[in-house]
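Okay, so here's the structure we're looking at.
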Amino acid sequence: MDPKTRMRITDERHGAVVVLTLDYPARRNALAVPLRVELEQALERASADGQTRALVLTGSEGVFSAGGDISGMDIESAYDGRERMRRTHRLVRLLARGNLPIVAAVEGWAVGAGLSLALLCDHIVAAEDARFMAGFHKIGLMSDMGMPATLPARIGVGRARDMLLFHTQYLGTEAKAIGLVDHVVPKGRALEVALERAQTLAQEAPLPIAFTKQWFADQLETALARESDFQATLFTTADFREGRAAFLGKRKPSFQGR
């Protein structure tokens, strides 16, 4: 398949573990809407097949995910924005509240929605040179996919505020020091080690893991309800249109607070 047009989720079985790979190289595995739908479907299949006990989530070609696909964010009204968030939250709930434990294998960038995606996993294995950043404000949006809840839950409110307001970046080694990731490995070994960690989880009793995921996800629902309103409004602002145009035009945005 031509890498210029390829957009898919691949799955590969390793016994009771399935590896799901974001494969959209033209946009560095950005979470375009069709890719999110495919990921939902892959999660549903794994949950229902009776064989899978754990998942690994990773990205192709040395990148986890560069965030949302900004080129596809053509939103005309608050209703359109709320509908986009409703569809996105289906994926969020499958990741956070589903029965299967999920290990993220992060190489390269995990930015914006890519960081949100990693934070929705139960365990994060990162290459030592992986890079983590929020960056939503650069295009006139707020963090979403539950990040206002999942990020401070990992690193505390102060550091989360710093990441969200100042776009502070962390390398894998730095991310481990603050609790943003759980395990750091040499470059190129994230998937190998994540698979080992997932195999360990696959041998555990599944129901306690499922209930533990439900427990940790309880606070997420409040965040999702609020971000549906806030982000849907931000999608309709002049600042978002300016931020999107500046990003696509590779220039610095000029925000007016409108």
Side-chain angles (χ1 to χ4, degrees), residues 9-23 29 31 35-60 64-65 88-107 110 113-127 130 132 145-155 172 175-176 178-185 189-221 223-224:
I9 301 293
T10 66
D11 58 78
E12 183 177 358
R13 179 168 293 281
H14 297 260
V17 177
V18 171
V19 177
L20 300 177
T21 302
L22 309 172
D23 188 24
N29 303 325
L31 293 174
L35 197 67
R36 297 184 192 201
V37 172
E38 277 203 39
L39 182 55
E40 281 181 44
Q41 294 169 346
L43 291 167
E44 291 281 19
R45 286 196 303 271
S47 297
D49 66 20
Q51 304 175 57
T52 305
R53 297 279 290 274
L55 298 168
V56 173
L57 184 59
T58 192
S60 67
F64 185 72
S65 174
T88 296
H89 289 169
R90 288 201 309 250
L91 173 60
V92 170
R93 291 185 175 98
L94 279 172
L95 290 160
R97 303 188 71 93
N99 290 330
L100 298 176
I102 306 172
V103 180
V106 180
E107 299 273 356
L115 175 57
S116 296
L117 190 65
L119 291 169
L120 289 166
C121 297
D122 303 293
H123 190 78
I124 303 174
V125 176
F132 300 87
M145 293 180 67
M147 191 189 290
T150 57
L151 185 61
R154 271 195 169 266
I155 66 174
K176 174 66 167 64
I178 66 170
L180 183 59
V181 306
D182 302 295
H183 207 71
V184 175
V185 298
R189 291 198 60 211
L191 179 56
E192 171 194 347
V193 174
L195 186 54
E196 292 172 359
R197 308 292 276 186
Q199 294 284 11
T200 298
L201 290 171
Q203 296 171 29
E204 298 294 319
L207 283 177
I209 289 176
F211 292 156
T212 299
K213 282 175 65 79
Q214 293 283 320
W215 189 287
F216 284 137
D218 277 351
Q219 298 301 315
L220 188 61
E221 289 301 323
L224 297 184

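Everything numeric here is computed off the predicted structure, so don't read it as measured data.
Minimum heavy-atom separation, Leu220 to Ala149: CD1-CB, 4.3 Å. Nearest heavy-atom pair, Asp11 versus Val18, reported as atom, atom and distance to 0.1 Å: CB-CG1, 3.9 Å. The nearest pair of heavy atoms linking Asn99 to Ala210 is OD1-CB, 3.5 Å. Contact record, Phe132 with Ala126: CZ-CB, 3.7 Å, taken as the closest heavy-atom pair. Here the closest non-hydrogen pair linking Val103 and Ala194 is CG1-CB, 3.6 Å. Minimum interatomic distance between Ala104 and Cys121 (heavy atoms only, all atoms of both residues): CB-SG, 3.8 Å.
With a 6.0 Å radius and a threshold of 12 heavy atoms from other residues, nucleotides or ligands, Gln219 has its CD atom at or below the threshold. In this structure, Lys213 places its NZ atom where more than 12 heavy-atom neighbours from other residues, nucleotides or ligands lie under 6.0 Å away.
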### Message
Is there a side chain to side chain donor-acceptor pair (under 3.5 Å) between Asn29 and Ser60? Walk through the geometry before answering.
### Response
CA-CA 7 Å; Asn29 303 325; Ser60 67; 3.3 Å; yes
### Message
Could you walk me through whether Leu55 and Leu43 satisfy the side chain to side chain contact (heavy atoms under 4.5 Å, CB included) test, starting with their C-alpha distance in whole Å, then the side-chain angles of each, then the deciding distance to 0.1 Å, before giving a yes or no?
### Response
CA-CA 9 Å; Leu55 298 168; Leu43 291 167; 3.6 Å; yes
### Task
Decide side chain to side chain contact (heavy atoms under 4.5 Å, CB included) for Leu57 and Leu39; before the verdict, give the C-alpha distance in whole Å, the side-chain angles of both, and the deciding distance to 0.1 Å.
CA-CA 10 Å; Leu57 184 59; Leu39 182 55; 4.0 Å; yes
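Two residues are said to be in side-chain contact when any heavy atoms from C-beta on lie closer than 4.5 Å; Ile9 and Leu22 meet this criterion. When side chains are defined from C-beta on, Thr21 does not count as touching Glu12, because their heavy atoms never get closer than 4.5 Å. In this structure, the side chains of His123 and Pro101 stay at 4.5 Å or more apart for every pair of heavy atoms. Using a 4.5 Å heavy-atom cutoff, the side chains of Leu180 and Leu119 are in contact. Put simply, the side chain of Val106 does not reach to within 4.5 Å of the side chain of Val181, judged on heavy atoms. Contact check for Leu31 versus Ser65: side-chain heavy atoms found under the 4.5 Å cut-off. Contact check for Phe64 versus Leu117: side-chain heavy atoms found under the 4.5 Å cut-off. A 4.5 Å side-chain heavy-atom check between Asp49 and Arg13 finds at least one atom pair inside the cut-off.
Among the candidates Lys176, Arg197, Arg154, the single residue satisfying the salt bridge (charged side-chain N to carboxylate O under 4.0 Å, His left out) test with Asp182 is Arg154.
The backbone N or O of Val37 sits nowhere less than 3.5 Å from a side-chain atom of Arg90 that would complete a donor-acceptor pair. A donor-acceptor pair is defined here as one N or O able to donate and one able to accept, closer than 3.5 Å; such a pair exists between the side chain of Glu107 and the backbone of Arg189.
Taking CG of Leu115 as the reference point, atom CE of Met147 lies at 4.0 Å (rounded to 0.5 Å). In this structure, CZ in Arg97 is found 5.5 Å from CG in Asp218, a value given to the nearest 0.5 Å. Considering CZ of Arg36 and OG1 of Thr88, their distance stands at 4.0 Å, rounded to 0.5 Å.
Not counting sequence neighbours, the partners of Glu221 by the salt bridge (charged side-chain N to carboxylate O under 4.0 Å, His left out) test are Arg93. Listed by chain and residue number, His14, Val17, Val19, Val56, Gln199 satisfy the side-chain contact (heavy atoms from CB on, under 4.5 Å) test with Leu195 (two or more places apart in sequence, or in another chain).
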